[in-house]
Amino acid sequence: RQMMELKIIGGGCNECDRLYENVSEALKQLGMSAQIERVSELIDIVKLGVMTAPSLMKDGKLVVSGQVPSVEKLMEILKK
């Protein structure tokens with residue numbers, strides 16, 4: 001199985017930092033590893049077609065948009 005690819009999308013807002021921390025914690029609790037990329041440049045965000053921050057993409061699919069889910073909720077999302 002190839003490594004999960006996650007993108008945390010948003011330009012350096014507090015929520016973006018919180019989403020990053022929650023995703024990292026969820027991965028740790030699941031014992032999973034992933035490649036996490038932070039996308040903060042507006043041009044790159046627009047290219048991805050994302051309109052709200054913070055957002056999370058998992059393997060190219062938008063799974064969280066405009067919110068910071070709890071670690072528990074993120075664990076459910078990442079396990080799928």
Side-chain angles (χ1 to χ4, degrees):
R1 221 170 91 75
Q2 83 187 84
M3 187 171 294
M4 191 187 330
E5 231 178 81
L6 301 174
K7 289 187 198 306
I8 306 226
I9 301 157
C13 55
N14 290 338
E15 281 86 19
C16 305
D17 293 339
R18 259 209 345 268
L19 181 58
Y20 182 83
E21 285 160 23
N22 286 4
V23 165
S24 302
E25 183 56 34
L27 286 168
K28 199 168 84 187
Q29 289 191 28
L30 288 167
M32 293 166 82
S33 59
Q35 188 182 333
I36 304 178
E37 182 191 341
R38 293 189 75 157
V39 182
S40 56
E41 291 298 320
L42 191 58
I43 184 91
D44 298 328
I45 293 170
V46 170
K47 272 189 205 149
L48 289 170
V50 175
M51 293 300 137
T52 49
S55 293
L56 174 66
M57 279 184 129
K58 175 186 166 192
D59 296 328
K61 285 221 297 276
L62 193 62
V63 289
V64 172
S65 179
Q67 55 175 310
V68 181
S70 66
V71 171
E72 290 72 26
K73 181 82 186 123
L74 284 165
M75 285 169 70
E76 284 173 36
I77 292 169
L78 296 174
K79 271 192 298 203
K80 284 185 193 141

Co-members of Met51 in a cluster of I, L, V, M, F, W and Y side chains, linked at under 4.5 Å: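 Result for Met51 is none, singleton.
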Hydrophobic cluster partners of Val46 (side-chain heavy atoms under 4.5 Å):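 In the cluster with Val46 are Leu42.
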Leu78 versus Ala26, closest heavy-atom pair with distance: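 Between these two residues, the closest heavy atoms are CD1-CB, 3.9 Å.
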Closest heavy-atom pair and its distance - Gln35, Met3: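 In this case the closest contact between Gln35 and Met3 is N-SD, 3.5 Å.
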Single hit among Asn22, Leu30, Leu27 for side chain to side chain contact (heavy atoms under 4.5 Å, CB included) with Leu74: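 Of Asn22, Leu30, Leu27, side chain to side chain contact (heavy atoms under 4.5 Å, CB included) with Leu74 is met by Asn22 alone.
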Residues which pass side chain to side chain contact (heavy atoms under 4.5 Å, CB included) with Ser24, listed by chain and number, not counting sequence neighbours: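 Residues passing side chain to side chain contact (heavy atoms under 4.5 Å, CB included) with Ser24: Tyr20, Ile36.
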Set of residues satisfying side chain to side chain contact (heavy atoms under 4.5 Å, CB included) with respect to Lys47, sequence neighbours excluded: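 Only Ile43, Asp44 meet the side chain to side chain contact (heavy atoms under 4.5 Å, CB included) criterion with Lys47.
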Distance-only donor-acceptor pairs under 3.5 Å for side chains of residues 62-73, two or more places apart:
from	atom 1	to	atom 2	distance (Å)
Ser65	OG	Thr52	OG1	2.7
Ser70	OG	Lys73	N	3.1

Which residue pairs pass the disulfide (SG to SG under 2.5 Å) test when at least one of the two sits in [range], sequence neighbours left out?
| range | value |
| --- | --- |
| residues 14-71 | Cys13-Cys16 |
| residues 26-66 | none |
| residues 50-80 | none |

Is [Y] reachable from [X] through a run of hydrophobic residues whose side-chain heavy atoms are each under 4.5 Å from the next?
| X | Y | answer |
| --- | --- | --- |
| Ile77 | Val23 | yes |
| Met57 | Val39 | yes |
| Met4 | Leu19 | yes |

With sequence neighbours excluded, residues passing salt bridge (charged side-chain N to carboxylate O under 4.0 Å, His left out) with Arg38: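 Salt bridge (charged side-chain N to carboxylate O under 4.0 Å, His left out) list for Arg38, sorted by chain: Asp17.
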Any residue meeting side-chain hydrogen bond (donor to acceptor under 3.5 Å, both in side chains) with Asp59, in chain and number order, not counting sequence neighbours: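 None.
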Criterion side-chain contact (heavy atoms from CB on, under 4.5 Å) on Ile8 and Leu56, from CA distance to verdict: CA-CA 5 Å; Ile8 306 226; Leu56 174 66; 4.3 Å; yes
Residue pairs, two or more places apart or on separate chains, that pass salt bridge (charged side-chain N to carboxylate O under 4.0 Å, His left out) and touch residues 25-37: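 Salt bridge (charged side-chain N to carboxylate O under 4.0 Å, His left out) check on residues 25-37 returns Lys7-Glu37, Glu25-Lys28.
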